[in-house]
Novice: 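My questions will all concern the structure given below.
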Amino acid sequence: MVSSFSKKVLKVVRAIPKGRILSYQMVARKAGKPNAARAVGSIMKRNYDPAIPCHRVVPSSAFVLGTNKLVSADSKVIARKLGHYNRGHERKVALLIAEGAIK
DNA sequence: CGATTGACCAGTG
DNA sequence: GCACTGGCCAATC
């Protein structure tokens with residue numbers, strides 16, 4: 001079951017070009033709900049699709065920092081710096097680096 | 001249908 | 001600069 005909002009979110013994320021990285025909040029804003037960043041994460045988690053590059057979506061913390069430090073990462077650090085990922089944060093980081101999204 | 005949870009964000013100590 | 005708190009929204013229990 002997909003509400004309009006979730007559908008929009010998925011669409012927006014899927015439309016993110018290579019090498020481009022957006023924060024959950026920006027995605028939410030594009031979907032029409034600037035304050036629904038949390039909902040975006042929830043939706044992706046329950047509605048993850050292989051065509052949806054969730055690795056191109058990161059929390060504002062990482063976006064603002066720009067200089068993502070790929071440190072070891074305790075669960076806490078992951079949530080605060082890079083956010084989660086279905087296939088593991090290592091995969092996410094690797095993909096982002098490969099695309100040049102992360103310095 | 002009411003309550004809880006969770007891939008978040010911004011503000012404060 | 002890091003840790004804790006309150007607030008928003010949709011999905012799940």
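Residue numbers start from 1 in every chain, and the chains themselves are labelled A, B, ... in the order their sequence lines are given, proteins ahead of strands. Basis for what follows: all heavy atoms, side chains included, without hydrogens, waters or symmetry-related copies.
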Novice: Which pairs, with at least one residue in residues 17-33 of chain A and sequence neighbours excluded, count as a salt bridge (Lys or Arg N to Asp or Glu O under 4.0 Å)?
Specialist: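 Sorted result for residues 17-33 of chain A: empty, none.
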Novice: Measure from CZ on A:Arg29 to C1' on C:dC9 and round the result to the nearest Å.
Specialist: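 Atom-to-atom, A:Arg29 to C:dC9, this comes out as 17 Å.
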Novice: What's the shortest heavy-atom distance between A:Ile21 and A:Phe63, and which atoms?
Specialist: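 In this case the closest contact between A:Ile21 and A:Phe63 is O-CE1, 2.8 Å.
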Novice: I need the full list of salt bridge (Lys or Arg N to Asp or Glu O under 4.0 Å) pairs touching residues 47-56 of chain A, with sequence neighbours left out, sorted by first then second residue.
Specialist: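 Qualifying pairs: A:Arg56-A:Glu99.
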Novice: Taking all non-hydrogen atoms of both residues into account, name the closest pair between A:Ala62 and A:Lys81 and its distance.
Specialist: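 That would be CB-O, 2.8 Å.
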Novice: What string of B, S and - do you get for nucleotides 7-13 of chain B 5' to 3' if you count protein non-hydrogen atoms under 4.0 Å?
Specialist: BBSS---
Novice: Can you tell me which residue among A:Val58, A:Leu95, A:Val93 is in a side chain to side chain contact (heavy atoms under 4.5 Å, CB included) with A:Tyr85?
Specialist: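 Output: one option passes, namely A:Leu95.
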